[in-house]
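Bear in mind that the values here come from a model prediction, so they are computed numbers and not experimental data. Convention: sequence-line order gives letters A, B, ...; per-chain numbering from 1. Side-chain atoms are counted along with the backbone in the values below, which use heavy atoms only and exclude waters and symmetry mates.
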Number of protein chains: 2
Amino acid sequence: MQKETICLGILSLGPRSGYEIKQMFQGPLSDFYSLSFGTIYPTLNKLQSGKFVSCKQHTQSKKPDKKVYTITKKGMAQMQENLLGDASSYIRSGNYGDQIKSEFFLLILFAKYLPKETLDTVLNERVLFLRQKFEQFKYDGPVPGDIKALREEKSISFIRGLAAALLDTGLTYMEKNREKLS
Amino acid sequence: MQKETICLGILSLGPRSGYEIKQMFQGPLSDFYSLSFGTIYPTLNKLQSGKFVSCKQHTQSKKPDKKVYTITKKGMAQMQENLLGDASSYIRSGNYGDQIKSEFFLLILFAKYLPKETLDTVLNERVLFLRQKFEQFKYDGPVPGDIKALREEKSISFIRGLAAALLDTGLTYMEKNREKLS
DNA sequence: ATTATATATATCAAACTGATATATATGCAT
DNA sequence: ATGCATATATATCAGTTTGATATATATAAT
């Protein structure tokens, strides 16, 4: 999927600055996708030149100007067109361009070359890390307004539920099978 | 994890050509990691110059020479050192440099901008695709010798089991919750 | 007879990341 | 109070990586 479509899609959820788009990739979307500043800022400039987004500079006393981007009607139309094109090509190919690079799995693959204690510590750390993630996805308590609005999106609650289910399965499997690695 | 460590690790499972390393990333490892030819071939050359791997040219009549690389003692030592260093740094950081870029999840995130029938077709295709993968990981019947040897690796059977469990959970979730998206 | 796919290596433009630079504010420990 | 780390905010770029393409042949399918 093109970076333009992705930025437009995120801006369709509400106006945001480049910094705030990056924060989504570090927070709620961190398990599904990411883009770096080096991609986000140039893309936003390009979208602005093409009038797919508008930009309001919030001059802040003694902080850099905050540039808040809002998707335009032209941008909404373009995004939907791109999305449809992507979906159609996925249907034809039967794959989704999904890419996983998990260093944890590589480490497991080469587990026999690690000292037993090191492998043990790594597995403990991983279980702790996954448990934290699980709690994060399960958590349904009070959150700031903008995040609350996101949670009410059907698609986000679908994805959060799937992530929680997958993490739960992963954790249970690790606990039941980890001794098979040593 | 460095590309050198990854190639050495794969060669520690047995001698292989660059083409065959790539095949592992398209087959048994496709859900966990990938490297392109543009990375694999130069890495192999670099490892050969450093005597971390040795190379035998199998001259084939009217096909390009097949260069089969074998990991050396020096290479084994280097790989284990790198692996230990990586594991230690993962323990300190508490994360694993895992990276997921799932275009399917992005498409779901923006599902409300897709025509109902398109979303439906995409979800059907995805379920079919995941079911195929699931069967692949579950399959325990006869396979060629080199793949059979791989399957007997503890780490690979651990990973295959985890992959099957995760796919099963994902499929069940999709079937139970997909109507919530429309 | 032609097209598509598989084997096999190599290269490179284009894209992307990770790091760094710049500038300020805030909180926390010493 | 002074130093240190972290957070806000944008911008740039060297270095790495990918995805596509080139080359050459064999085989299977249409």
Would you say [N] has OP1 or OP2 under 4.0 Å from some side-chain N or O of [X]?
X       : N      : result
A:Gln23 : D:dA7  : no
A:Lys67 : D:dA9  : no
A:Lys46 : C:dA15 : no
A:Ser17 : D:dT10 : yes
A:Tyr19 : D:dT8  : yes

In Å and rounded to the nearest 0.5 Å, what is the CG to OG1 distance from B:Asp86 to A:Thr118? 12.0 Å

Atom CG in B:Asp98, atom CG in A:Leu106: separation rounded to 0.5 Å? 9.0 Å

Which whole-number value in Å describes the distance from [X] [atom1] to [N] [atom2]?
X       : N      : atom1 : atom2 : value
A:Asp98 : D:dT18 : CG    : C1'   : 16 Å
A:Gln2  : D:dG19 : CD    : P     : 15 Å
A:Tyr69 : D:dT10 : OH    : P     : 7 Å
A:Ile40 : C:dA15 : CD1   : C1'   : 15 Å
B:Gln99 : D:dT18 : CD    : P     : 9 Å
A:Lys22 : C:dC16 : NZ    : P     : 13 Å
A:Gln57 : D:dT8  : CD    : P     : 19 Å
B:Phe37 : D:dT23 : CZ    : P     : 18 Å

Ring-plane angle category for A:Phe32 and B:Phe105, please: parallel below 30°, perpendicular beyond 60°, tilted otherwise. tilted

Once you measure the plane-to-plane angle for A:Phe25 and A:Tyr33, does it fall in the parallel (<30°), tilted (30-60°) or perpendicular (>60°) bin? tilted

Between B:Gly18 and A:Leu35, who's closer to the 5' end of DNA chain C by nearest nucleotide? B:Gly18

Which of the following nucleotides, [options], is nearest to the side chain of [X]?
X       : options                : value
A:Thr39 : C:dC16, D:dT10, C:dA10 : C:dC16
B:Ser36 : D:dT10, D:dT18, C:dA10 : D:dT18
A:Tyr41 : D:dA9, C:dT11, C:dA8   : D:dA9

Residues at least two apart in sequence or cross-chain that pass side chain to side chain donor-acceptor pair (under 3.5 Å) with A:Asp120, listed by chain then number, are none

Heavy atoms only, 4.0 Å cut-off, all strands: where does [X] land among base, sugar-phosphate and nothing?
X        : result
B:Lys101 : sugar-phosphate
B:Ser34  : sugar-phosphate
A:Gly38  : base

